[in-house]
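Notes to accompany the following structure.
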Amino acid sequence: MIEWSQETITAFQKTLLNWYDQHKRDLPWRKDHDPYHVWVSEIMLQQTQVQTVIPYYLRFMKEFPTVQALADADEAHLMKAWEGLGYYSRARNLQKAARQIVTDYHGQWPTTVKGLQELSGVGPYTAGAIASIAFNQPVAAIDGNAFRVFSRLLEIDDDVAKPQTRKVFENVVDQIISKDRPGDFNQAIMDLGTSYMSAANYDSSHSPVKEFNQAYLDGIEDQFPVKTKKKRPVRHDFFALVLHADNQILFDKRPSTGILANFLMFPMFDQHDLIKDKSDSQEVLIHRVEEQMSTEDRLPVHLHQLPAKPVIHTFTHQQWHITLLRGSLPADSDLSYFPGKWIQIDHFNDIAFPKVQLKMWQAYQKAIAKK
DNA sequence: TATACGTGGCT
DNA sequence: TAGCCAAGTAT
């Protein structure tokens, strides 16, 4: 049980919702409460900032205006619409869920948290957000904003990085949430959490709910939320091959699981896997790649390291250092001999690539232009 | 439960 | 600048 009295709870709701009515952000997915609009925006907003999402959301609604259109979309089209947004399993789960709705539910949306969580990619937060915003259910939607805001308001010091902490906050919000306007309540908390009560540069002294903010009143806001630190990304060193033949370049399709699943990328070799002896030089490793690519003498591949800095790309858990290798083939080589897919440069714009692949292509073109 | 999963912004 | 943060979920 929280310390707030029923009077305090009512006063908080009123203050928060009045502020929201006057100052809520005008966002494209707030024009109505259509569950499709709410759902797509919530999936895009997972771990992604509002300003990043807006243009993606607007394009997405033009391309796929309805659940049916999304269910019918071909995967390449879908991934192109998601290109650059990251966490690409979100897009695949989105379509999986669209097909669930169309096929399994005959177009009828589940309206409860439990029902919504049956949809692929919809977890406790997103289910709460859709249920409250689209279906007016008085349920919590605990995201990073809610963790931050309520941890400060009530000086809750449970570690928000731990999964079990979610239920502590759900219990709190279940008691405080407005039963009349649950969707607006949850969205108001998010607006508060990105403005007066943001992670950095918060401005609690001007916050509409400062008198309810115990951590502020006690001068200890900087202690909330309590969150254990993340681990640093692990470094991996790769070679990436740029194998040119006429106007085509060789691509590999990545495995169907793991990071950047299913994307087409330049063939990549983990340098660590190429090492046989500690004393192996970079030249020796490159030569081993040449051997792997030229298993028959009739098609020797010659590789040259490009006069370019390695491409460095950091993910949440990995940091890639990629050395680009340009490959040359004998004239009239049989391209079908190589494992992978030859793609016309002219067609690059129609294919979805992850950011690191676009970086490699840019670095390659820059290096070639210099020569 | 702890970890993997992308990208961009900010200090 | 290296690290943290941003409307989390799946496994």
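Note that these values count all heavy atoms, side chains included, but never hydrogens, waters or copies made by symmetry. In what follows, every chain begins at residue 1, and chains take the letters A, B, ... in the order their sequences are listed.
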If you look at every strand shown and take non-hydrogen atoms under 4.0 Å, does [X] touch a base, only sugar-phosphate, or nothing?
| X | value |
| --- | --- |
| A:Gly193 | nothing |
| A:Arg30 | base |
| A:Ile142 | nothing |
| A:Gln187 | nothing |
| A:Ser41 | nothing |
| A:Val53 | nothing |
| A:Trp29 | base |

Using the [atom1] atom as the reference point in each nucleotide, state the distance between [N] and [M] in Å, no decimals.
| N | M | atom1 | result |
| --- | --- | --- | --- |
| B:dT3 | C:dC4 | P | 15 Å |
| B:dC5 | C:dA7 | P | 23 Å |
| B:dG6 | C:dT11 | P | 14 Å |

If I take atom [atom1] in residue [X] and atom [atom2] in nucleotide [N], what distance separates them, rounded to the nearest angstrom?
| X | N | atom1 | atom2 | answer |
| --- | --- | --- | --- | --- |
| A:Tyr56 | B:dG6 | OH | P | 14 Å |
| A:Asp158 | B:dT1 | CG | P | 13 Å |
| A:Tyr57 | C:dA6 | OH | P | 23 Å |
| A:Ile189 | C:dA7 | CD1 | C1' | 13 Å |
| A:Gln117 | C:dT9 | CD | C1' | 10 Å |
| A:Asp184 | C:dA7 | CG | P | 18 Å |
| A:Tyr87 | B:dC5 | OH | P | 10 Å |
| A:Gln46 | C:dA10 | CD | P | 8 Å |

Should the pair [X] and [Y] be assigned to parallel (<30°), tilted (30 to 60°) or perpendicular (>60°) ring geometry?
| X | Y | result |
| --- | --- | --- |
| A:Phe185 | A:Phe150 | parallel |
| A:Tyr364 | A:His244 | tilted |
| A:Trp109 | A:Phe135 | tilted |

Of all the nucleotides listed ([options]), which has the minimum atom distance to the side chain of [X]?
| X | options | result |
| --- | --- | --- |
| A:Thr126 | C:dT9, B:dT11, C:dA6 | C:dT9 |
| A:Ala199 | B:dT7, C:dC5, C:dA7 | C:dC5 |
| A:Leu260 | C:dA7, B:dG9, B:dT7 | B:dT7 |
| A:Lys227 | B:dG8, C:dA7, C:dC5 | C:dC5 |
| A:Pro354 | B:dT7, B:dG9, B:dT1 | B:dT7 |

Whether [X] contacts [N] is assessed here as follows: a side-chain N or O lying under 4.0 Å from the phosphate OP1 or OP2. Is that the case?
| X | N | answer |
| --- | --- | --- |
| A:His317 | B:dA4 | yes |
| A:His313 | B:dG6 | no |
| A:Arg232 | C:dG3 | yes |
| A:Lys231 | B:dT3 | yes |
| A:Gln47 | B:dC5 | no |
| A:Asn186 | C:dA7 | no |
| A:Gln51 | C:dA6 | no |
| A:Arg148 | C:dA7 | yes |
| A:Thr314 | B:dG6 | no |

- Item | ring-ring contact (aromatic ring centres under 6.0 Å, His included) partner of A:Phe251, the single match among A:Trp361, A:Trp342, A:Phe266 | A:Phe266
- Query: Hey, are the side chains of A:Trp320 and A:Ile259 touching, using non-hydrogen atoms and a 4.5 Å cut-off?
  - Reply: yes
- Task: Identify, between A:Lys162 and A:Gly86, the residue whose nearest nucleotide on DNA chain B lies closer to the 5' end.
- Result: A:Lys162
- Message: Heavy-atom nearest nucleotide on DNA chain B for A:Thr257 versus A:Thr52: which residue maps closer to 5'?
- Response: A:Thr257
- Query: Looking at A:Asp252 and A:Lys341, does any basic side-chain N land under 4.0 Å from a carboxylate oxygen?
  - Reply: no
Under the 3.5 Å rule, do the base of [N] and the side chain of [X] count as making a donor-acceptor pair?
| X | N | value |
| --- | --- | --- |
| A:Arg25 | C:dA7 | yes |
| A:Thr48 | B:dG6 | yes |
| A:Thr316 | B:dG6 | yes |

- So which heavy atom on A:Thr15 is nearest to which on A:Phe212, and how close? OG1-CE1, 3.9 Å
- Message: Please report the interatomic distance CZ(A:Arg181) to CD(A:Gln187), rounded to the nearest 0.5 Å.
- Response: 10.0 Å
